[in-house]
Amino acid sequence: MLRHSPASPLLSLPGAVPAEAPDEGVAAHYGDLFREQRALADGTGFVDLSHRGVITVTGPERLSWLHLLITQHVSELPPGQATEALILSAHGHIEHALYLVDDGETTWMHTEPGNQEALIAYLESMKFFYRVEVADRTDEIAVVHLPAGSITEVPEGVVVRENPHGRDLFLPRADLEGFAAAHGPAIGILAMEALRVEAHRPRLGLETDHRTIPHELGWIGTAVHLQKGCYRGQETVARVHNLGKPPRRLVFLHLDGSEVHLPPHGTPVRLASEGEEGRQLGFITTSVRHHELGPIALALVKRNVPVDAQLMAGGTAAAQEVVVEP
């Protein structure tokens, strides 16, 4: 059973509407979804991600130890440099996605809501004789996202993970309400999800299922370093990269804007020419309403689906754009 973070105190802000799974505990929006998207795209406001799991690793061998377990090259990770990584099964399937930064003494990471206990259990099982300590910091530390272009000043002493999409702050949970009062407007998770889909960025548990490998989602290069070995699942990564193609590929979909309802996660994707009774070729992973593009989605489809094929998501027409080359 997943252990979720405490509900955010920012759900008491005016207009806050609670988010649904997998983002329970924070606001979906604060009353105006498209205004919040535009603000985020313009580099203003912040997103409350206090429902995400926060883990720290300390000890003199923390980076060399993590280097052996994850898909990213981190043995010489400089302080303050953000990175992301995966933990794979022995067969190369994605089990965890980690978003990391090291401050010179501690490696900080956040992960999907409720997944921190399973991740910590795995890390603890791999400690052996290494001089490392793993801690669950979720109850005391909240993740807050500042969009790219934000001029918000980071409070002193707060660890920052900066990347092309913005800055993730590891903020003391007790300071969350004060931060919101000083640095609003607060922006809901749905706005951030819309920009994530627009940028074709995968998310664990939405774009992944029990058999997803990194190549299918375009995580090679960003979360998987191909010039390192020594991690579980590395053989599959190397074999597919060098000798073959992944069985599925991530696509970006423009959905028919005349439909009232978005196709939910798991909706079958088929060829439009075969109709709703045709063969299932994949499924919707995330669908959103974008302030400029209208209804859009990410989907995972079979690799051999023609890149110019018109698709259907349930009963909704969908035009595809290539994210991962077939």
Side-chain angles (χ1 to χ4, degrees), residues 15 17 19-23 26-49 145-150 163-166 185-208 216-219 222 248-273 276 281-301 305-326:
V17 174
E20 299 177 351
D23 292 314
V26 296
H29 60 85
Y30 294 89
D32 191 336
L33 177 60
F34 289 157
R35 178 189 61 78
E36 293 171 34
Q37 283 187 33
R38 287 190 289 269
L40 199 62
D42 289 342
T44 58
F46 72 92
V47 183
D48 175 13
L49 299 179
H145 177 76
L146 299 176
S150 170
N163 62 82
H165 307 290
I187 292 172
I189 190 73
L190 287 184
M192 188 172 181
E193 283 291 279
L195 300 190
R196 177 182 72 80
V197 171
E198 178 192 16
H200 308 164
R201 290 187 288 131
R203 182 176 171 189
L204 183 79
L206 292 175
E207 278 61 58
T208 67
E216 297 177 324
L217 302 183
W219 253 328
T222 58
R248 301 178 296 180
R249 60 185 180 88
L250 189 69
V251 296
F252 176 78
L253 300 178
H254 292 273
L255 303 174
D256 180 0
S258 66
E259 296 289 339
V260 174
H261 300 290
L262 290 170
H265 174 83
T267 299
V269 172
R270 299 178 169 90
L271 290 176
S273 60
E276 294 187 52
L281 302 175
F283 64 94
I284 293 291
T285 59
T286 307
S287 60
V288 296
R289 295 192 187 279
H290 190 275
H291 69 286
E292 290 181 341
L293 300 176
I296 56 176
L298 294 173
L300 200 57
V301 301
V305 173
V307 297
D308 58 351
Q310 291 295 308
L311 304 176
M312 289 187 67
T316 302
Q320 63 168 315
E321 290 183 11
V322 173
V323 177
V324 174
E325 293 289 338

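The residues of the chain are indexed from 1 along the displayed sequence. Computation of the quantities below employed the complete heavy-atom set of this structure, encompassing side-chain atoms and omitting hydrogens, waters and symmetry-equivalent molecules. Not measured: the values here are computed from a predicted model.
Every residue meeting the salt bridge (Lys or Arg N to Asp or Glu O under 4.0 Å) condition with R248, not counting sequence neighbours, appears here in chain and number order: D209, E216.
Results of the side-chain contact (heavy atoms from CB on, under 4.5 Å) test with I284 over L206, L262, V269 single out V269 as the only residue that passes.
Of all the heavy atoms in L250 and L300, the pair that sits closest is N-CD1, 3.8 Å. Across all their heavy atoms, I187 and A39 have their closest contact at CD1-CB, 3.9 Å. Across all their heavy atoms, L255 and A297 have their closest contact at CD1-CB, 4.0 Å. What you find for G45 and P147 is that their closest heavy atoms are O-CD, 3.3 Å. Shortest non-hydrogen contact noted between S287 and P263 is OG-O, 2.6 Å. Shortest non-hydrogen contact noted between V288 and V197 is CG2-CB, 3.9 Å.
Considering CG of D23 and CZ of R203, their distance stands at 4.0 Å, rounded to 0.5 Å. Expressed to the nearest 0.5 Å, how far CD of E20 lies from CG of L190 amounts to 8.5 Å.
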Ignoring hydrogens and angles, write down the donor-acceptor pairs under 3.5 Å from the side chains of residues 26-35, residues two or more places apart or on other chains.
residue, atom, partner, partner atom, Å
H29, ND1, G31, N, 3.0
D32, OD1, R35, N, 3.2

Pairs under 3.5 angstrom only: tabulate donor-acceptor contacts from the side chains of residues 309-321 to other protein residues two or more places apart or in another chain.
residue, atom, partner, partner atom, Å
Q320, OE1, R249, NH2, 3.3
Q320, NE2, P306, O, 2.7
Q320, NE2, V307, O, 3.4
Q320, NE2, A309, O, 3.2
E321, OE2, H254, NE2, 2.8

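The aromatic rings of H265 and F283 sit perpendicular, their planes meeting at an angle over 60°, well past the 30° parallel limit.
Here the side chains of R196 and L298 are in contact, with some heavy-atom distance below 4.5 Å. Under the 4.5 Å side-chain criterion, counting only non-hydrogen atoms from C-beta, L293 is in contact with E198.
Side-chain contact, T44 with D42: no donor N or O sits under 3.5 Å from an acceptor N or O.
Side-chain atoms of Q37 come within 3.5 Å of backbone atoms of H291 as a donor-acceptor pair (strictly under, hydrogens ignored).
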